[in-house]
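Everything below concerns the one structure shown next.
The residues of the chain are indexed from 1 along the displayed sequence. Bear in mind the structure is a predicted one, so any value in this text is a computation, not a measurement.
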Amino acid sequence: MDYILRALSIQETLKKHSVILLGPRRTGKSSLIRNEVRPPVVFNLLEADTFSQLAVRPSLIRESVPRRGSLIVVDEIQKLPSLMDEVHLLIEEFGVRFLLTGSSARKLRRTHTSLMAGRARTRYLMPFCYAELPDFDLVRRLTYGSLPPVWLSEDPWDELSSYAGEYLKEEIQAEALSRNLEGFSRFLLQAASANTEVLNFESLAADAQVPARTVREYYSVLVDTLMGTFVEPLAPSRESTRKAVSKAKFFFFDTGVVNALLRQKSLPESGETFGRAFEHFIFQELSAYRSYRKPNGVLSFWAAHSGGEVDFILDGEIAIEVKASGLVSEKHLRGLYSLEQDHRMKRQIVVSRDKRYRKIRNVEIYPYSKFLQELWAGEIWS
């Protein structure tokens, strides 16, 4: 398996800076460290003896520095956030570079925002992306997602089911992030059902049988534990005469996890569910590209109350509509045409299952494979 995309951006940053590498559980952080980074010193806080020793004596990290400017890895740093004080000292006083990995940013953000904001670069590790999968199968990708252990498994559904249960147990219950586990479980189901859609907290709250303010808190838990992210709407232009949607969308970090939460073992290719999964898949690729190649890039969407929507806007200047259709026609371009009345875009693109690249007026129709090849070659979002 080719890990070069996930390794390169991190290795380049580590030459000059410390890195906080965040990613959901089982995205391959430990494998990347072991196979690509290969640091001289590693502290894995999932090991009980390592955890207990450092909890009692954080200065063990300082005593283990081979020389000034060395690279030290602390795996799953969120398990012992108090170590961040020692990390801070070693960065400032001894020029040590750290690679700190974690599957939750919640405790770190609350206690050590200064380190995360200034002295270390934050990077994110995603599930496998298109460019890392030589034998790509779209239906398999939409159904099971691309978490490394799931993609490589002979029984991907079993892996996914275990993952969903593991998240509830380890991230929510064990860390006491939610006192009402039953309510959070109901919320997770509703959040998975609303994946890729503009959020309505009141409606979600009614369906999950919890207050709307609790739904907002639960979404913050999902973001902090890296289970998903909000995509904000494009700000209205001064020339706009229509009222734009102001509520965000939410995307889980993996299509397979959504299907596991909803217990969807298959996706009929002609259904709405397949179309939403296809949009989610393209979001994951754009999100991974931003993380690895364009960390300051802005990913948004556009929608008007009067109708019309465009799935993704890159840096406010490239409009991307995602259609699972095998033959895009004029009817699929209405959202792009509506957007053009309010915002002038440099490029307008439809990503679809078309067989060949073509144009309708000034709209570029891309087969998804060609689009992703050009995306990862830096020819779409540069």
Side-chain angles (χ1 to χ4, degrees), residues 22-24 105-106 109 113 116-117 122-124 126 187 190-205 212-255 258 276 278-322 335-336 338-349 351 375 380-382:
L22 300 175
R106 193 173 181 86
R109 283 175 179 153
T113 53
M116 294 183 70
T122 302
R123 296 292 182 264
Y124 295 89
M126 308 295 182
F187 158 76
Q190 299 305 319
S193 298
N195 184 59
T196 78
E197 295 183 349
V198 176
L199 294 178
N200 184 324
F201 289 113
E202 289 71 23
S203 176
L204 282 165
R213 67 177 181 277
T214 302
V215 167
R216 296 176 188 273
E217 293 171 1
Y218 284 168
Y219 267 114
S220 72
V221 169
L222 292 183
V223 172
D224 285 346
T225 55
L226 310 173
M227 288 293 288
T229 186
F230 290 107
V231 176
E232 299 294 336
L234 182 69
S237 67
R238 294 180 179 179
E239 295 77 18
S240 176
T241 58
R242 289 175 296 181
K243 187 177 181 181
V245 167
S246 58
K247 295 180 179 179
K249 291 183 177 183
F250 185 84
F251 288 81
F252 278 82
F253 79 98
D254 183 71
T255 58
V258 172
R276 290 175 60 184
F278 187 64
E279 177 187 342
H280 190 184
F281 157 56
I282 297 301
F283 164 78
Q284 280 188 244
E285 294 293 323
L286 292 170
S287 184
Y289 180 86
R290 178 175 59 176
S291 178
Y292 299 155
R293 299 279 182 80
K294 198 175 173 66
N296 295 319
V298 178
L299 180 60
S300 58
F301 76 97
W302 177 84
H305 282 287
S306 58
E309 181 176 333
V310 175
D311 295 318
F312 305 112
I313 311 292
L314 311 182
D315 290 337
E317 59 186 27
I318 301 172
I320 297 176
E321 182 71 2
V322 181
L336 290 169
S338 296
L339 171 66
E340 189 69 10
Q341 297 174 21
D342 293 340
H343 298 269
R344 186 69 62 181
M345 295 284 129
K346 288 185 177 180
R347 294 181 72 178
Q348 293 178 302
I349 294 171
V351 181
L375 173 70
I380 301 290
W381 197 2
S382 59

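Taking CZ from F251 and CG from L286, the interatomic distance works out to 9.5 Å, rounded to the nearest 0.5 Å. Atoms CZ and CG, on R290 and L299 in that order, are 5.0 Å from each other to the nearest 0.5 Å. Remark: I282 CD1 to E321 CD distance equals 12.0 Å, nearest 0.5 Å. Remark: T225 OG1 to L22 CG distance equals 11.5 Å, nearest 0.5 Å. Taken to the nearest 0.5 Å, the OG atom of S291 stands 12.5 Å off from the CD atom of Q284. Atom-to-atom distance recorded for S287:OG and M126:CE is 3.5 Å, nearest 0.5 angstrom.
Under the 4.5 Å side-chain criterion, counting only non-hydrogen atoms from C-beta, I318 is not in contact with I313. Counting only heavy atoms from C-beta outward, the side chains of V298 and L314 never approach each other to under 4.5 Å. Side-chain contact between V310 and F312: absent, with no pair of heavy atoms (C-beta onward) separated by less than 4.5 Å. Proximity of T214 to F187: side-chain heavy atoms (C-beta onward) are nowhere separated by under 4.5 Å.
For the pair R276 (side chain) and N195 (backbone), a donor-acceptor distance under 3.5 Å is present. Checking side-chain atoms of H280 against main-chain N and O of F253 turns up no donor-acceptor pair under 3.5 Å. Side chain of Q348 to backbone of L336: a donor-acceptor contact under 3.5 angstrom is found. Counting only distance, with no hydrogens or angles, the side chain of K294 and the backbone of W381 share no donor-acceptor pair below 3.5 Å. Between the side chain of D315 and the backbone N or O of E317, no donor-acceptor pair lies under 3.5 Å.
Within the structure, salt bridge (charged side-chain N to carboxylate O under 4.0 Å, His left out) contacts touching residues 301-314 (residues at least two apart or in different chains) are K249-E309.
Of all the heavy atoms in A248 and P233, the pair that sits closest is CA-CD, 4.2 Å. Nearest approach of L204 to A191, heavy atoms of both residues: CD2-N, 4.4 Å. Nearest approach of A319 to L339, heavy atoms of both residues: CB-CD2, 3.6 Å.
Relative orientation of the F252 and F250 rings is perpendicular, given thresholds of 30° and 60° on the angle between their planes. Ring pair F201/Y219 is perpendicular by interplanar angle, where above 60° counts as perpendicular and below 30° as parallel.
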Test log, rule side chain to side chain contact (heavy atoms under 4.5 Å, CB included), inputs T229 and V223: CA-CA 6 Å; T229 186; V223 172; 5.6 Å; no
Could you go through V198 and F301, starting from their C-alpha distance and side-chain angles, then the distance that decides it, and tell me whether this counts as side chain to side chain contact (heavy atoms under 4.5 Å, CB included)? CA-CA 10 Å; V198 176; F301 76 97; 3.9 Å; yes
Do F283 and V322 pass the side chain to side chain contact (heavy atoms under 4.5 Å, CB included) test, and can you show the C-alpha distance, the side-chain angles, and the key distance before you say yes or no? CA-CA 9 Å; F283 164 78; V322 181; over 6 Å; no
H343 and L234: side chain to side chain contact (heavy atoms under 4.5 Å, CB included), yes or no, with the steps? CA-CA 10 Å; H343 298 269; L234 182 69; 3.7 Å; yes
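For R344 and E340, the salt-bridge test passes: some basic side-chain N is under 4.0 Å from an acidic carboxylate O.
Residues satisfying the side-chain hydrogen bond (donor to acceptor under 3.5 Å, both in side chains) test with R216, not counting sequence neighbours, are none.
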